[in-house]
Amino acid sequence: MHTFSYVKAKSLKEAGDMLAAHADAKLLAGGMTLIPTMKARLAQPSHLIDIAGIAELSGIDVKNGRLTIGAATRHVEVAKSAVVKKAIPTLAYLASQIGDPQVRNRGTIGGSLANNDPAADYPSAALSLNATIVTNKREIAADDFFQGIFTTALGAGEMIVKIVFPIPAKAAYEKFPHPASGFAMAGSFVSQDGKAVRVAITGAGPGVFRWKDAEAALGKKLAAASVENLNVDATDLNEDMHGTKEYRANLAKVMTKRAVAKLAGTAATSKSSGK
Amino acid sequence: MAKVELKINGVQHSYDVEDRTLLVNLIRDHAQLTGTHVGCDTSQCGACTVHMNGVAVKSCTVLAGQADGAEITTIEGMAKNGKLHPVQQAFTECHALQCGFCTPGMIMAVSGFLKDNPKPTDEEIYHGLEGNICRCTGYINIVKAVKQAAKTMSK
């Protein structure tokens with residue numbers, strides 16, 4: 001690793017001030033992506049501002065039909081939280097499927113969203129559930145937040161404080177993990193609230209995206225058969241040694257069908273462990 | 001330079017280290033506890049797993065500074081009064097290792113996982129060991145050892 005200065009921020013304001021003072025500073029919460037990236041010398045921040053200990057960034061809470069999760073909340077806390085399991089059980093299930101136990105013990109929801117890895121799990125939940133990303137400067141709708149590979153609407157000096165999820169009637173998440181890395185080759189997060197159905201696909205493209213054709217069809221009839229004759233547009237999907245664009249498009253459809261099937265049989269969404 | 005004060009296996013330590021020092025380097029090079037291994041050094045293999053404030057973490061992906069004020073347990077802290085920890089005992093009896101390189105990390109991961117899930121199913125054991133790679137055993141005897149340890153510890 002290149003050298004850098006490590007500093008602990010005690011408050012949101014202090015972290016914001018430090019971030020504003022150093023153009024090449026980065027925020028560090030769990031560090032599960034940032035530290036490996038720095039070890040590979042793919043990033044060279046001048047300062048690491050440790051925000052893990054800031055009280056304002058933690059906590060899980062339900063109020064007025066909305067679930068709020070602090071940005072520095074670790075995956076393991078979301079996976080185990082009785083509040084999350086009751087409000088949006090699928091979100092707890094999703095958190096239990098991220099990386100591996102050691103990663104879940106450190107990694108945070110804010111870090112995952114801010115990094116916006118094209119194969120990360122959380123962005124699909126935020127987009128499907130129409131979450132609001134609250135930063136130290138403003139509120140950003142999930143539809144505006146994710147802007148493609150490792151890119152978000154976050155500006156300089158801006159940091160995620162909390163994420164507000166409207167609680168849906170039903171939701172389900174299914175992913176096809178790469179057998180070695182565990183990252184989603186394709187994952188589909190489907191949520192339904194009244195007539196509105198939102199389908200967010202992760203892993204398959206250069207960033208999380210909504211599959212709007214499927215949303216329209218599932219809005220009419222919430223059944224796996226509704227997407228049978230639809231296809232995800234493969235044009236802009238990822239292609240590498242692990243799979244072609246068409247392969248990923250098909251996987252995204254299969255994961256969506258599985259998620260819908262799971263969602264139709266509500267009980268299956270409340271499982272918090274197992275595959 | 002950063003001043004890092006932490007407890008390792010119940011003993012208080014204080015070190016002045018470079019800001020970029022990783023927890024695993026502090027443990028191995030400064031505290032001279034070489035039971036914690038560096039395998040892949042890219043947070044995939046889990047050989048460097050230790051407990052930080054009671055939970056399993058990969059010490060190659062934690063900065064020493066992040067562990068300031070923490071309580072760390074390494075493989076050297078598992079046996080008590082000359083008696084192996086039940087997970088260590090089970091690994092020995094079930095022949096859950098061959099070359100032994102991954103074993104310290106495996107034992108720390110398993111003992112962390114059993115705290116959360118004292119009576120795991122096979123599926124739950126596979127899921128709980130996803131962060132640790134063994135290239136010798138094929139995992140069969142490791143899973144056996146986890147079950148045996150779970151049994152011993154629930155007595």
Side-chain angles (χ1 to χ4, degrees), chain A residues 1-9 26 28-53 72 74-77 79-80 93 96-108 111 177-183 271-275, chain B residues 1-4 17-25 38 40-70 105 108-117 120-133:
Chain A
M1 252 189 296
H2 293 289
T3 55
F4 57 85
S5 298
Y6 169 84
V7 281
K8 271 194 170 95
K26 284 239 180 245
L28 175 72
M32 292 296 97
T33 301
L34 183 55
I35 294 175
T37 308
M38 289 172 63
K39 286 170 75 178
R41 298 193 165 199
L42 297 170
Q44 191 181 349
S46 62
H47 294 73
L48 285 188
I49 305 165
D50 190 341
I51 56 170
R74 302 190 193 277
H75 307 325
V76 65
E77 297 173 82
K80 284 189 191 170
Y93 167 76
S96 79
Q97 301 299 305
I98 298 172
D100 58 50
Q102 291 96 319
V103 166
R104 292 192 289 275
N105 282 338
R106 299 288 299 157
T108 67
H178 184 278
S181 74
F183 273 108
K271 267 181 84 176
S272 62
S273 67
K275 285 211 163 157
Chain B
M1 295 294 274
K3 191 173 183 67
V4 177
V17 297
E18 269 194 274
D19 288 18
R20 61 177 167 172
T21 304
L22 297 167
L23 177 59
V24 71
N25 297 126
V38 179
C40 67
D41 204 16
T42 54
S43 51
Q44 297 173 62
C45 80
C48 65
T49 302
V50 300
H51 292 182
M52 183 160 137
N53 298 326
V55 301
V57 302
K58 293 181 178 178
S59 61
C60 82
T61 312
V62 175
L63 296 173
Q66 290 177 288
D68 185 36
M108 300 316 288
V110 170
S111 58
F113 157 66
L114 287 176
K115 277 191 219 171
D116 277 347
N117 191 345
T121 62
D122 283 15
E123 277 295 319
E124 287 165 350
I125 294 171
Y126 304 153
H127 189 59
L129 287 178
E130 264 174 6
N132 293 75
I133 293 173

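It should be emphasised that the depicted structure is a prediction, and the values quoted were computed from it without experimental measurement. Lettering follows sequence order; numbering is per chain, from 1.
For B:Asn117, no part sits under 4.5 Å from any heavy atom of chain A, backbone or side chain. B:Leu22 touches chain A through its side chain: at least one heavy atom from C-beta onward sits under 4.5 Å away, while N, CA, C and O do not. B:Ala2 does not touch chain A: none of its heavy atoms, backbone or side chain, sits under 4.5 Å away. Residue B:Met1 does not touch chain A at all, counting heavy-atom pairs closer than 4.5 Å. Contact of A:Leu28 with chain B is made through the side chain alone, with heavy-atom distances under 4.5 Å. In this structure, chain B has a heavy atom under 4.5 Å from the backbone of A:Ala29, while its side chain stays farther away. Looking at B:Thr61, both its backbone and its side chain come within 4.5 Å of chain A, counting heavy atoms on both sides.
Side-chain atoms of B:Glu18 and A:Thr3 form no donor-acceptor pair, as typed in the model, at a separation below 3.5 Å. No side-chain N or O of B:Gln44 forms a donor-acceptor pair with one of A:Asp100 less than 3.5 Å apart.
We find the NZ-CD distance between B:Lys58 and A:Gln102 to be 5.0 Å, quoted to the nearest 0.5 Å.
Remark: side-chain polar atoms of A:Asn105 are not paired, donor with acceptor, to backbone N or O of B:Val55 under 3.5 angstrom. One N or O on the side chain of A:Lys39 and one on the backbone of B:Cys60 form a donor-acceptor pair closer than 3.5 Å.
Per-residue heavy-atom pair counts under 4.5 Å with chain A were compared for B:Asp68, B:Val57, B:Thr42, and the maximum is reached by B:Val57.
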